[in-house]
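Both backbone and side-chain heavy atoms feed into the values below; hydrogens, waters and symmetry mates do not. Values in this document were obtained by computation on a predicted structure and should not be read as measured data. Chain A is the first sequence line, chain B the second, and so forth, proteins listed ahead of strands; every chain is numbered from 1.
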Amino acid sequence: MLWCTKIRPWITQNSPSEITNLSAAAHSVAHYIRAGTIPQMKSSDPADIPSALKNSIHKRLAPWFQRCKRPMPWRNTSDPYAIWLSEVMLQQTQVATVEPYYQRFLQHFPDIDSLAAAPLEEVLKLWAGLGYYRRARSLHRAAQFIASTYHSVFPCTYDQILQLPGIGPYTAGAIASIAFREAVPVLDGNVMRVLTRLLLIQHDIARPQTRKLLWKIAGSLVPNKNPGDFNQAMMELGATVCTPTRPRCESCPLATLCAARREHLQHRFPVRQSKSATPRISVAAVIIRSPQGRLMARRKPGGLWEHLWEFPAFELVRPTAAGVSKHFFALTGLRIKLKRHPATLAHQLTHRRMEYTLFTGRSLSAAKVELDAKIASPYDAVRWITDMTSVPKSRLTEKISALAG
DNA sequence: AATCCGGGGCT
DNA sequence: AGCCCAGGATT
(Lines give C-alpha, C1' and ligand atoms only; values in the text may rest on other atoms or scores of the structure.)
Protein backbone atom coordinates (compact mmCIF):
# COMPACT_ATOMS: atom_id res chain seq x y z
CA MET A 1 0.00 0.00 0.00
CA LEU A 2 2.72 2.44 0.88
CA TRP A 3 5.21 1.63 -1.78
CA CYS A 4 4.71 3.22 -5.13
CA THR A 5 7.49 1.18 -6.65
CA LYS A 6 6.96 -2.41 -7.62
CA ILE A 7 9.93 -4.37 -6.35
CA ARG A 8 11.21 -7.28 -8.37
CA PRO A 9 12.23 -10.44 -6.61
CA TRP A 10 15.84 -10.45 -5.54
CA ILE A 11 18.32 -11.85 -8.03
CA THR A 12 21.92 -12.36 -7.01
CA GLN A 13 23.45 -10.36 -9.82
CA ASN A 14 21.90 -6.91 -9.79
CA SER A 15 21.12 -5.47 -13.15
CA PRO A 16 21.21 -1.69 -13.45
CA SER A 17 17.44 -1.57 -13.56
CA GLU A 18 17.20 -3.50 -10.31
CA ILE A 19 19.54 -1.12 -8.62
CA THR A 20 17.34 1.70 -9.82
CA ASN A 21 14.32 -0.07 -8.41
CA LEU A 22 15.94 -0.64 -5.04
CA SER A 23 17.10 2.91 -4.81
CA ALA A 24 13.59 3.92 -5.76
CA ALA A 25 12.29 1.70 -2.97
CA ALA A 26 14.46 3.53 -0.46
CA HIS A 27 13.23 6.70 -2.04
CA SER A 28 9.60 5.76 -1.72
CA VAL A 29 10.15 4.96 1.96
CA ALA A 30 11.66 8.42 2.13
CA HIS A 31 8.74 9.99 0.37
CA TYR A 32 6.27 8.29 2.66
CA ILE A 33 8.12 9.23 5.82
CA ARG A 34 8.61 12.78 4.63
CA ALA A 35 4.97 13.38 3.80
CA GLY A 36 3.10 14.95 6.66
CA THR A 37 3.45 13.72 10.19
CA ILE A 38 5.60 10.89 11.40
CA PRO A 39 3.81 7.64 10.63
CA GLN A 40 2.88 5.31 13.44
CA MET A 41 4.62 2.25 12.08
CA LYS A 42 3.52 -1.06 13.45
CA SER A 43 6.66 -2.83 14.55
CA SER A 44 4.96 -6.14 13.84
CA ASP A 45 4.57 -5.25 10.20
CA PRO A 46 7.74 -6.26 8.40
CA ALA A 47 6.37 -4.79 5.18
CA ASP A 48 7.27 -1.33 6.40
CA ILE A 49 10.58 -1.71 4.62
CA PRO A 50 10.19 -3.63 1.36
CA SER A 51 11.84 -7.02 1.79
CA ALA A 52 13.81 -6.67 -1.44
CA LEU A 53 15.38 -3.53 -0.02
CA LYS A 54 16.08 -5.26 3.28
CA ASN A 55 17.70 -8.21 1.52
CA SER A 56 19.80 -5.94 -0.58
CA ILE A 57 21.04 -4.06 2.47
CA HIS A 58 22.02 -7.31 4.20
CA LYS A 59 23.62 -8.75 1.08
CA ARG A 60 25.85 -5.72 0.69
CA LEU A 61 26.56 -4.89 4.30
CA ALA A 62 27.66 -8.32 5.55
CA PRO A 63 30.60 -8.86 3.17
CA TRP A 64 31.64 -5.23 3.52
CA PHE A 65 31.78 -5.61 7.30
CA GLN A 66 33.81 -8.81 7.09
CA ARG A 67 36.26 -7.11 4.74
CA CYS A 68 36.50 -3.67 6.32
CA LYS A 69 35.82 -3.99 10.04
CA ARG A 70 38.52 -2.48 12.16
CA PRO A 71 40.19 -4.89 14.53
CA MET A 72 39.11 -4.13 18.10
CA PRO A 73 40.04 -6.08 21.21
CA TRP A 74 36.40 -6.72 22.15
CA ARG A 75 35.74 -8.21 18.74
CA ASN A 76 37.90 -11.20 19.66
CA THR A 77 35.85 -12.28 22.64
CA SER A 78 32.54 -13.96 23.25
CA ASP A 79 32.62 -13.18 26.96
CA PRO A 80 29.47 -11.17 27.76
CA TYR A 81 31.31 -9.45 30.59
CA ALA A 82 33.98 -8.13 28.26
CA ILE A 83 31.39 -7.11 25.66
CA TRP A 84 29.41 -5.34 28.36
CA LEU A 85 32.51 -3.49 29.54
CA SER A 86 33.36 -2.40 26.00
CA GLU A 87 29.83 -1.18 25.29
CA VAL A 88 29.65 0.85 28.47
CA MET A 89 33.03 2.39 27.74
CA LEU A 90 31.95 3.11 24.18
CA GLN A 91 28.97 5.19 25.33
CA GLN A 92 29.75 8.71 24.08
CA THR A 93 33.37 7.72 23.71
CA GLN A 94 35.37 6.91 20.61
CA VAL A 95 37.00 3.58 19.87
CA ALA A 96 40.56 4.89 19.94
CA THR A 97 40.04 6.44 23.37
CA VAL A 98 38.45 3.32 24.81
CA GLU A 99 41.01 0.73 23.67
CA PRO A 100 43.76 1.29 26.28
CA TYR A 101 41.22 1.72 29.10
CA TYR A 102 39.49 -1.49 28.11
CA GLN A 103 42.69 -3.54 28.15
CA ARG A 104 43.81 -2.12 31.47
CA PHE A 105 40.40 -2.60 33.08
CA LEU A 106 40.17 -6.23 32.00
CA GLN A 107 43.62 -6.98 33.37
CA HIS A 108 42.63 -5.64 36.77
CA PHE A 109 39.12 -7.06 36.78
CA PRO A 110 39.01 -10.11 34.47
CA ASP A 111 35.51 -11.17 35.51
CA ILE A 112 32.31 -10.10 37.22
CA ASP A 113 33.36 -11.41 40.63
CA SER A 114 36.62 -9.51 40.74
CA LEU A 115 34.80 -6.33 39.75
CA ALA A 116 32.00 -6.87 42.25
CA ALA A 117 34.50 -7.48 45.05
CA ALA A 118 36.63 -4.43 44.29
CA PRO A 119 36.27 -1.16 46.20
CA LEU A 120 34.63 1.57 44.12
CA GLU A 121 37.77 3.63 44.55
CA GLU A 122 39.77 1.10 42.52
CA VAL A 123 37.19 1.04 39.77
CA LEU A 124 37.15 4.83 39.51
CA LYS A 125 40.94 4.91 39.36
CA LEU A 126 40.86 2.74 36.26
CA TRP A 127 38.16 4.95 34.78
CA ALA A 128 39.97 8.24 35.44
CA GLY A 129 40.18 10.26 32.22
CA LEU A 130 37.37 8.49 30.38
CA GLY A 131 34.68 10.87 31.58
CA TYR A 132 31.08 10.25 32.57
CA TYR A 133 32.15 8.70 35.86
CA ARG A 134 28.65 7.63 36.69
CA ARG A 135 29.28 4.85 34.16
CA ALA A 136 31.96 3.42 36.42
CA ARG A 137 29.74 3.56 39.48
CA SER A 138 26.88 1.93 37.57
CA LEU A 139 29.21 -0.75 36.21
CA HIS A 140 30.36 -1.55 39.71
CA ARG A 141 26.80 -1.66 41.06
CA ALA A 142 25.68 -3.84 38.17
CA ALA A 143 28.52 -6.29 38.81
CA GLN A 144 27.45 -6.62 42.43
CA PHE A 145 23.85 -7.04 41.33
CA ILE A 146 24.78 -9.80 38.85
CA ALA A 147 26.92 -11.51 41.48
CA SER A 148 24.12 -11.56 44.02
CA THR A 149 21.09 -12.03 41.78
CA TYR A 150 22.39 -14.11 38.89
CA HIS A 151 25.16 -16.03 40.68
CA SER A 152 27.72 -14.07 38.66
CA VAL A 153 26.33 -15.30 35.35
CA PHE A 154 25.65 -12.40 32.98
CA PRO A 155 21.90 -12.20 32.19
CA CYS A 156 21.22 -13.35 28.65
CA THR A 157 18.07 -11.56 27.46
CA TYR A 158 17.53 -8.01 26.32
CA ASP A 159 14.88 -7.38 29.00
CA GLN A 160 17.08 -8.61 31.83
CA ILE A 161 20.11 -6.72 30.57
CA LEU A 162 18.06 -3.52 30.29
CA GLN A 163 17.35 -3.71 34.02
CA LEU A 164 21.02 -3.32 34.94
CA PRO A 165 22.20 0.08 36.14
CA GLY A 166 23.95 2.12 33.48
CA ILE A 167 22.33 0.17 30.67
CA GLY A 168 19.73 1.74 28.43
CA PRO A 169 18.12 0.64 25.17
CA TYR A 170 21.29 1.08 23.11
CA THR A 171 23.64 -0.86 25.38
CA ALA A 172 21.10 -3.59 26.10
CA GLY A 173 20.58 -4.04 22.35
CA ALA A 174 24.30 -4.15 21.67
CA ILE A 175 25.03 -6.76 24.36
CA ALA A 176 21.98 -8.90 23.61
CA SER A 177 22.68 -8.98 19.87
CA ILE A 178 26.45 -9.34 19.99
CA ALA A 179 26.90 -11.63 22.98
CA PHE A 180 23.63 -13.58 22.85
CA ARG A 181 22.54 -13.34 19.19
CA GLU A 182 19.17 -11.90 20.11
CA ALA A 183 17.61 -10.13 17.12
CA VAL A 184 17.24 -6.70 18.73
CA PRO A 185 18.35 -3.42 17.17
CA VAL A 186 20.76 -0.76 18.29
CA LEU A 187 20.35 2.93 17.61
CA ASP A 188 23.27 5.21 18.24
CA GLY A 189 24.41 8.36 16.50
CA ASN A 190 26.06 6.33 13.74
CA VAL A 191 22.98 4.25 12.99
CA MET A 192 20.78 7.34 13.04
CA ARG A 193 23.03 8.96 10.46
CA VAL A 194 23.07 5.90 8.20
CA LEU A 195 19.29 5.42 8.36
CA THR A 196 18.33 9.05 7.87
CA ARG A 197 20.55 9.20 4.81
CA LEU A 198 19.62 5.83 3.39
CA LEU A 199 15.91 6.57 3.70
CA LEU A 200 16.09 10.35 3.41
CA ILE A 201 14.36 10.82 6.74
CA GLN A 202 13.97 14.55 7.14
CA HIS A 203 12.52 14.73 10.63
CA ASP A 204 14.48 16.36 13.42
CA ILE A 205 16.40 13.53 15.12
CA ALA A 206 16.23 15.38 18.43
CA ARG A 207 12.49 14.73 18.59
CA PRO A 208 11.40 11.69 20.62
CA GLN A 209 8.92 10.77 17.87
CA THR A 210 11.71 10.61 15.33
CA ARG A 211 13.81 8.45 17.65
CA LYS A 212 10.87 6.10 18.00
CA LEU A 213 10.51 5.83 14.26
CA LEU A 214 14.23 5.16 13.85
CA TRP A 215 14.14 2.43 16.52
CA LYS A 216 11.31 0.76 14.66
CA ILE A 217 13.10 0.93 11.35
CA ALA A 218 16.30 -0.39 12.93
CA GLY A 219 14.23 -3.17 14.50
CA SER A 220 12.64 -4.14 11.22
CA LEU A 221 16.08 -4.39 9.60
CA VAL A 222 17.81 -6.60 12.18
CA PRO A 223 18.20 -10.12 10.78
CA ASN A 224 17.68 -13.22 12.91
CA LYS A 225 20.97 -14.58 11.65
CA ASN A 226 23.96 -12.72 13.09
CA PRO A 227 22.07 -9.71 14.42
CA GLY A 228 25.22 -8.61 16.26
CA ASP A 229 27.21 -8.43 13.04
CA PHE A 230 24.47 -6.42 11.38
CA ASN A 231 24.32 -3.96 14.26
CA GLN A 232 28.08 -3.61 14.36
CA ALA A 233 28.17 -3.21 10.60
CA MET A 234 25.70 -0.32 10.73
CA MET A 235 27.72 1.40 13.43
CA GLU A 236 31.01 0.71 11.65
CA LEU A 237 29.58 2.13 8.43
CA GLY A 238 28.54 5.28 10.26
CA ALA A 239 31.90 5.59 11.98
CA THR A 240 34.17 5.00 8.98
CA VAL A 241 32.20 5.70 5.77
CA CYS A 242 28.90 7.45 6.43
CA THR A 243 30.66 10.12 8.46
CA PRO A 244 29.06 13.38 9.66
CA THR A 245 31.08 15.55 7.29
CA ARG A 246 32.39 14.42 3.89
CA PRO A 247 30.86 10.95 3.79
CA ARG A 248 32.88 8.53 1.65
CA CYS A 249 30.01 7.48 -0.57
CA GLU A 250 32.41 6.12 -3.18
CA SER A 251 33.40 3.36 -0.73
CA CYS A 252 29.93 2.76 0.67
CA PRO A 253 28.36 -0.65 0.08
CA LEU A 254 24.90 0.93 0.27
CA ALA A 255 25.61 3.90 -2.01
CA THR A 256 23.46 2.60 -4.87
CA LEU A 257 20.50 2.23 -2.49
CA CYS A 258 20.90 5.51 -0.69
CA ALA A 259 18.03 7.94 -1.19
CA ALA A 260 19.97 10.93 0.16
CA ARG A 261 22.87 10.27 -2.18
CA ARG A 262 20.50 10.00 -5.09
CA GLU A 263 19.39 13.52 -4.26
CA HIS A 264 22.97 14.67 -3.58
CA LEU A 265 21.85 15.63 -0.09
CA GLN A 266 23.82 13.12 2.01
CA HIS A 267 25.84 15.85 3.70
CA ARG A 268 22.64 17.49 4.95
CA PHE A 269 21.60 14.52 7.08
CA PRO A 270 20.66 13.87 9.77
CA VAL A 271 18.40 16.87 10.19
CA ARG A 272 18.50 18.28 13.66
CA GLN A 273 16.93 21.27 15.31
CA SER A 274 19.35 24.15 14.97
CA LYS A 275 19.68 26.77 17.65
CA SER A 276 18.64 29.50 15.21
CA ALA A 277 15.41 27.66 14.55
CA THR A 278 13.95 28.76 17.87
CA PRO A 279 10.28 29.58 17.35
CA ARG A 280 9.53 33.07 16.12
CA ILE A 281 6.67 34.79 17.82
CA SER A 282 4.98 37.85 16.45
CA VAL A 283 4.05 40.43 19.07
CA ALA A 284 2.06 43.62 18.62
CA ALA A 285 2.73 46.39 21.18
CA VAL A 286 0.17 49.18 21.49
CA ILE A 287 1.23 52.71 22.42
CA ILE A 288 -1.72 55.03 23.15
CA ARG A 289 -1.15 58.68 23.99
CA SER A 290 -3.58 60.78 25.98
CA PRO A 291 -3.40 64.05 27.94
CA GLN A 292 -2.58 61.88 30.97
CA GLY A 293 0.37 60.17 29.36
CA ARG A 294 0.74 56.77 27.70
CA LEU A 295 -1.16 53.63 28.60
CA MET A 296 0.97 50.98 30.29
CA ALA A 297 0.24 47.61 31.88
CA ARG A 298 1.97 45.69 34.64
CA ARG A 299 3.07 42.05 34.10
CA LYS A 300 1.65 39.49 36.49
CA PRO A 301 3.92 37.85 39.03
CA GLY A 302 5.28 34.44 38.12
CA GLY A 303 5.99 34.93 34.46
CA LEU A 304 8.30 36.71 32.08
CA TRP A 305 9.16 40.26 33.18
CA GLU A 306 7.06 39.93 36.35
CA HIS A 307 5.99 43.21 38.00
CA LEU A 308 7.46 45.28 35.14
CA TRP A 309 5.41 47.83 33.23
CA GLU A 310 5.16 47.76 29.48
CA PHE A 311 2.99 48.87 26.60
CA PRO A 312 0.12 46.37 26.30
CA ALA A 313 1.22 43.67 23.85
CA PHE A 314 -0.44 40.74 22.11
CA GLU A 315 0.97 37.58 20.60
CA LEU A 316 -0.53 37.28 17.17
CA VAL A 317 0.05 35.16 14.12
CA ARG A 318 -0.40 38.17 11.85
CA PRO A 319 -0.34 41.62 13.44
CA THR A 320 -2.85 43.80 11.57
CA ALA A 321 -4.23 47.09 12.87
CA ALA A 322 -7.78 45.70 12.83
CA GLY A 323 -6.90 42.52 14.72
CA VAL A 324 -4.78 44.28 17.32
CA SER A 325 -7.47 46.91 17.80
CA LYS A 326 -10.01 44.16 18.49
CA HIS A 327 -7.80 42.47 21.09
CA PHE A 328 -6.96 45.78 22.67
CA PHE A 329 -10.64 46.67 22.97
CA ALA A 330 -11.48 43.30 24.50
CA LEU A 331 -8.80 43.69 27.14
CA THR A 332 -9.15 47.39 28.04
CA GLY A 333 -12.56 48.48 26.77
CA LEU A 334 -10.93 51.29 24.81
CA ARG A 335 -11.97 51.57 21.18
CA ILE A 336 -9.14 53.40 19.47
CA LYS A 337 -8.05 53.66 15.87
CA LEU A 338 -4.55 52.20 15.55
CA LYS A 339 -1.83 53.07 13.13
CA ARG A 340 0.96 50.71 12.32
CA HIS A 341 4.36 52.15 13.08
CA PRO A 342 6.90 51.58 10.28
CA ALA A 343 9.58 50.20 12.61
CA THR A 344 9.77 46.61 13.82
CA LEU A 345 11.96 45.30 16.58
CA ALA A 346 13.46 41.89 17.26
CA HIS A 347 14.05 40.57 20.73
CA GLN A 348 15.90 37.30 21.33
CA LEU A 349 15.17 35.25 24.44
CA THR A 350 16.80 31.93 25.18
CA HIS A 351 13.77 29.94 24.13
CA ARG A 352 12.18 32.10 21.46
CA ARG A 353 12.63 34.97 19.11
CA MET A 354 10.06 37.73 19.40
CA GLU A 355 9.30 40.12 16.52
CA TYR A 356 7.63 43.28 17.72
CA THR A 357 5.35 45.35 15.53
CA LEU A 358 4.31 48.69 17.02
CA PHE A 359 0.86 50.24 16.79
CA THR A 360 0.14 53.79 17.89
CA GLY A 361 -3.10 55.66 18.65
CA ARG A 362 -4.51 58.66 20.44
CA SER A 363 -7.12 59.10 23.14
CA LEU A 364 -8.32 62.70 23.44
CA SER A 365 -9.38 62.26 27.02
CA ALA A 366 -7.68 60.09 29.61
CA ALA A 367 -10.50 57.57 29.74
CA LYS A 368 -10.96 55.43 32.80
CA VAL A 369 -9.48 52.07 31.90
CA GLU A 370 -9.71 48.70 33.58
CA LEU A 371 -8.56 45.23 32.62
CA ASP A 372 -11.35 42.86 31.69
CA ALA A 373 -10.85 40.01 34.14
CA LYS A 374 -12.47 37.57 31.72
CA ILE A 375 -9.75 38.10 29.13
CA ALA A 376 -6.60 36.03 29.64
CA SER A 377 -3.58 38.30 29.65
CA PRO A 378 -0.15 38.52 31.26
CA TYR A 379 -1.18 41.74 33.07
CA ASP A 380 -2.62 42.49 36.49
CA ALA A 381 -2.88 46.29 36.25
CA VAL A 382 -3.15 49.05 33.69
CA ARG A 383 -2.86 52.86 33.91
CA TRP A 384 -1.96 56.09 32.17
CA ILE A 385 1.62 57.05 32.83
CA THR A 386 3.18 60.45 32.16
CA ASP A 387 6.61 59.90 33.64
CA MET A 388 8.15 56.71 32.21
CA THR A 389 10.93 56.81 34.82
CA SER A 390 8.38 56.38 37.62
CA VAL A 391 7.75 52.71 36.85
CA PRO A 392 10.07 49.72 36.52
CA LYS A 393 10.39 48.42 32.99
CA SER A 394 12.60 46.20 30.83
CA ARG A 395 15.17 47.37 28.33
CA LEU A 396 12.85 46.16 25.63
CA THR A 397 10.11 48.55 26.78
CA GLU A 398 12.58 51.42 26.75
CA LYS A 399 13.55 50.50 23.20
CA ILE A 400 9.91 50.46 22.16
CA SER A 401 9.32 53.79 23.87
CA ALA A 402 12.27 55.34 22.06
CA LEU A 403 11.11 53.98 18.72
CA ALA A 404 7.48 55.02 19.02
CA GLY A 405 8.41 58.46 20.32
C1' DA B 1 10.61 17.40 28.21
C1' DA B 2 14.72 19.39 29.89
C1' DT B 3 19.16 19.07 32.10
C1' DC B 4 23.43 17.08 33.48
C1' DC B 5 27.52 14.52 32.79
C1' DG B 6 32.89 15.16 30.40
C1' DG B 7 35.75 14.02 27.16
C1' DG B 8 37.20 14.68 21.99
C1' DG B 9 36.42 16.51 17.35
C1' DC B 10 35.42 20.20 14.44
C1' DT B 11 35.21 25.10 13.10
C1' DA C 1 38.80 29.38 22.21
C1' DG C 2 34.30 27.99 21.85
C1' DC C 3 30.57 25.09 19.98
C1' DC C 4 28.67 20.51 19.13
C1' DC C 5 28.07 15.80 20.01
C1' DA C 6 24.52 11.95 22.31
C1' DG C 7 23.34 7.30 25.99
C1' DG C 8 21.70 7.08 30.48
C1' DA C 9 19.91 8.94 34.66
C1' DT C 10 17.45 12.25 37.08
C1' DT C 11 14.01 15.67 38.00
Chemist: Is there a donor in the side chain of A/Q232 and an acceptor in the side chain of A/R75, or the other way round, less than 3.5 Å apart?
Modeler: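 Looking only at side-chain atoms, A/R75 and A/Q232 do form a donor-acceptor pair, the distance falling under 3.5 Å.
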
Chemist: Would you kindly compare A/Q94 and A/Y132 by the position of their nearest DNA chain B nucleotide and give the one closer to the 5′ end?
Modeler: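 Closest to the 5' end, via its nearest nucleotide, is A/Y132.
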
Chemist: Starting at atom CZ of A/R211, determine the distance to atom P of C/dG8, rounded to an integer number of angstrom.
Modeler: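 Interatomic distance, CZ of A/R211 to P of C/dG8: 11 Å.
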
Chemist: Is a donor-acceptor contact shorter than 3.5 angstrom present between the side chain of A/Q92 and the base of C/dG7?
Modeler: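 It does, because a donor-acceptor pair links the side chain of A/Q92 to the base of C/dG7 below 3.5 Å.
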
Chemist: Can you measure A/R134 atom CZ to B/dG6 atom P for me and round it to whole angstrom units?
Modeler: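 Between P of B/dG6 and CZ of A/R134: 8 Å.
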
Chemist: For A/L187 and C/dG8, what is the distance between atoms CG and P respectively, to the nearest whole Å?
Modeler: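 From A/L187 CG to C/dG8 P: 10 Å.
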
Chemist: Is the phosphate of B/dG7, meaning OP1 or OP2, less than 4.0 Å from a side-chain N or O of A/Y133?
Modeler: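 Indeed, a polar side-chain atom of A/Y133 lies that close.
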
Chemist: Taking CD1 from A/I167 and C1' from C/dG8, how many angstroms apart are they, rounded to a whole number?
Modeler: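 Distance, rounded to whole Å: 11 Å.
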
Chemist: Can you measure A/M235 atom CE to C/dG7 atom P for me and round it to whole angstrom units?
Modeler: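 These atoms are roughly 10 Å apart.
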
Chemist: Return the nearest nucleotide to the side chain of A/T97; candidates are B/dG8, C/dG7, C/dA6.
Modeler: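 Nucleotide nearest to A/T97's side chain: B/dG8.
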
Chemist: Checking A/T256 against A/R261: is there a side-chain donor and acceptor pair closer than 3.5 Å?
Modeler: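 No donor-acceptor contact under 3.5 Å links the two side chains.
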
Chemist: Less than 3.5 Å apart, any donor N or O on the side chain of A/D79 or A/T77 sitting next to an acceptor on the other?
Modeler: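 The answer is no; no qualifying pair exists.
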
Chemist: At 4.0 Å (heavy atoms only), tell me whether A/P165 reaches a base, stays on the sugar-phosphate, or touches nothing.
Modeler: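 The residue A/P165 makes sugar-phosphate contact but no base contact.
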
Chemist: Could you pick out which residue, A/L130 or A/T245, lies toward the 5' side of DNA chain B when each is mapped onto its nearest nucleotide?
Modeler: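 Nearest nucleotide further toward 5': that of A/L130.
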
Chemist: Please report the distance, rounded to the nearest Å, between CG in A/L164 and C1' in C/dA9.
Modeler: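 Between C1' of C/dA9 and CG of A/L164: 15 Å.
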
Chemist: Taking only the P atom of each, what is the distance from B/dG6 to C/dT11 in whole angstrom?
Modeler: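 Taking atom P in both B/dG6 and C/dT11, they lie 15 Å apart.
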
Chemist: How far, in whole Å, is C/dA6 from B/dT11 if one measures between their P atoms?
Modeler: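 The same atom, P, in both gives a distance of 14 Å.
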
Chemist: Could A/R135 and A/Y132 be counted as a cation-pi pair, given that NZ or CZ must be under 6.0 Å from the ring centre and within 45° of the axis?
Modeler: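 Judged by the rule, A/R135 and A/Y132 form no cation-pi pair.
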
Chemist: A/Q91 has an atom CD; how far is it from atom C1' of B/dC4, in whole Å?
Modeler: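 For the pair A/Q91 CD and B/dC4 C1', the rounded distance is 15 Å.
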
Chemist: Between B/dG7 atom P and A/Y101 atom OH, what is the distance in whole Å?
Modeler: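 Whole-Å distance recorded here is 9 Å.
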
Chemist: Determine: side-chain N/O of A/T93 to OP1/OP2 of B/dG6, distance under 4.0 Å, yes or no.
Modeler: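 No, because none of the side-chain N or O atoms of A/T93 sits under 4.0 Å from OP1 or OP2 of B/dG6.
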
Chemist: What nucleic acid atoms does A/T171 come within less than 4.0 Å of, heavy atoms only: base, sugar-phosphate, or nothing?
Modeler: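 Sugar-phosphate, backbone atoms only, no base.
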
Chemist: Under 4.0 Å: is that the gap between some side-chain N or O of A/R272 and OP1 or OP2 of C/dC5?
Modeler: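 Yes, because at least one side-chain N or O of A/R272 sits under 4.0 Å from OP1 or OP2 of C/dC5.
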
Chemist: Could you check if a side-chain atom of A/I167 sits within less than 4.5 angstrom of a side-chain atom of A/I175, using non-hydrogen atoms only?
Modeler: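 The answer is yes; the side chains approach within 4.5 Å.
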
